[in-house]
Q: 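I am attaching a structure below and will ask some questions about it afterwards.
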Amino acid sequence: MKEFDVIGRYFQDGGYQRKDVVVGIGDDCAVTTVPSNQQLAVTTDTLVGGVHFLENAPARSVAYKAVAVNLSDLAAMGAEPSWISLSLSMSEIDEAWMADFAEGMYDLTRYYSVQLIGGDTVRGPLSMTITAQGFIPAGNELKRSTARPGDWIFVTGSLGDAAAGLAILNNELEVAEGVRDYLVDRHWYPTPRVATGTALRRVASACIDVSDGFISDLGHILRSSGCGANIQVDRLPLSSQLTDTVSLEQAYHYALAGGDDYELIFTVNEEQKGNLDTALASTGVKVTCVGQVTGHTDKLELKCHNKPFEFDGRGYEHQF
Ligand code: ADP
Ligand code: MG
């Protein structure tokens with residue numbers, strides 16, 4: 001196990017240094033201070049080589065994505081990220097890979113003022129588990145279960161790019177060079193909507209991040225809120241890179257069923273709708289209204305230019 005001590009040392013400084021970390025990496029536990037009046041939000045996500053990322057993916061993107069998906073969960077809850085821990089399983093040590101990995105992780109943690117406070121390093125198949133923690137002012141958490149009939153459904157950024165990026169990497173889609181980089185980067189380097197999540201705390205009635213696909217993740221809000229929804233497919237936000245590359249039909253498919261976008265889907269009631277622009281002004285993130293919550297439990301109605309839209313695709317689900 002000796003060489004694995006090297007890895008502990010790779011992460012020794014924890015990147016960004018926060019004042020609320022009393023004891024960081026190097027002891028048996030990390031010790032941190034939680035501000036009074038704040039709640040602690042905690043989330044964990046595991047990425048397994050060959051399942052959640054391509055085995056030949058750059059180490060920098062693997063690390064970036066592992067952190068990003070966790071920060072995205074915090075964002076969807078309205079939490080401001082503070083600390084992460086990393087449990088890393090690797091079959092061998094490749095120092096260049098490790099250096100790239102650390103860089104990808106610290107790229108994001110520095111940007112979001114998040115400190116790596118501990119972890120574990122073991123020998124085994126390539127996989128990583130990150131636990132991320134963050135703060136939410138008491139009572140301000142954004143849940144999935146609190147959407148109500150009549151609420152408007154919004155989505156941040158654009159949908160479907162990451163799925164197209166994956167199709168490119170799998171040689172299922174051919175594109176022009178500049179567009180290729182954009183779409184592949186959307187797959188490898190998703191942007192967690194951290195600022196949007198915290199800005200939505202007092203405005204949104206429910207929120208979730210898009211990891212498995214729009215339909216699948218909206219479905220989680222609808223099921224846990226006991227509601228249905230009308231979605232106008234022609235209003236789904238699509239990047240010009242995507243619409244310039246594939247047919248509109250294919251773009252809708254990527255947007256509805258493709259995963260890994262890490263955009264936020266959120267609902268806003270009529271009363272709060274007017275506050276949305278002000279709340280989000282400082283984030284610079286575009287949001288698009290794509291439909292409305294209904295009282296028809298579990299019924300998702302898709303329309304395109306006011307005509308029923310047939311769609312039998314679904315989001316990504318692990319098969320056991
Ligand atoms: P222990 O045997 O007490 O679990 P370890 O040797 O596993 O200690 O780890 C020593 C220190 O290095 C601990 O503070 C641990 O949190 C940290 N550490 C080990 N691996 C990692 C990692 N992959 N990322 C961040 N910190 C790590
Ligand atoms: Mg250990």
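We number each residue from 1, following the sequence as shown. Counting starts at 1 for both ligands and their atoms, in listed order. Here the structure is a predicted model, which is why all the values come from computation and not from measurement.
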Q: Mind checking whether F266 and F154 have parallel, tilted or perpendicular rings, split at 30° and 60°?
A: parallel
Q: For D161, enumerate each residue passing the salt bridge (charged side-chain N to carboxylate O under 4.0 Å, His left out) test, keeping only those at least two apart in sequence or located in another chain.
A: R186
Q: Could you tell me which residues satisfy side chain to side chain contact (heavy atoms under 4.5 Å, CB included) with Q232, sequence neighbours excluded, listed by chain and number?
A: D234, R235, N306
Q: Show which atoms of ligand 1 fall inside a sub-4.0 Å distance from at least one heavy-atom site of T121.
A: 19 (C), 20 (N), 21 (C), 22 (C), 23 (N)
Q: With heavy atoms of F11 as the reference, note each atom of ligand 1 found under 4.0 Å away.
A: 22 (C), 23 (N), 24 (N), 25 (C)
Q: Any heavy-atom pair between the side chains of W152 and T267 that's under 4.5 Å?
A: no
Q: Relative to atom 19 (C) of ligand 1, which among A102, G26, G119 owns the nearest non-hydrogen atom?
A: G119
Q: Report the part of D120 (side chain from C-beta onward, or backbone N, CA, C, O) that has a heavy atom under 4.0 Å from ligand 1; answer both or neither where that applies.
A: both
Q: Below 4.0 angstrom from a heavy atom of L116, which ligand 1 atoms are there? Numbered from 1 as shown, please.
A: 25 (C)
Q: Please tell me if the side chains of N70 and I84 come closer than 4.5 Å, counting only heavy atoms from C-beta onward.
A: no
Q: Check ligand 1 against D28 and write out every atom of the ligand that is under 4.0 Å from a heavy-atom position of the residue.
A: 3 (O)
Q: Which atoms of ligand 1 are found less than 4.0 Å from any heavy atom of D27?
A: 13 (C), 14 (O)
Q: Give the numbers and elements of all ligand 1 atoms closer than 4.0 Å to a heavy atom of G118.
A: 16 (O), 24 (N), 25 (C), 26 (N), 27 (C)
Q: Report yes if the side chains of R180 and L169 come closer than 4.5 Å at any heavy-atom pair, otherwise no.
A: yes
Q: Could you check, using the six-membered ring where one of them is a Trp, whether Y16 and W83 have ring centers closer than 6.0 angstrom?
A: no
Q: I need the atoms of ligand 1 closer than 4.0 Å to a non-hydrogen atom of I25, numbered in the order shown.
A: 12 (O), 14 (O), 17 (C), 25 (C), 26 (N)
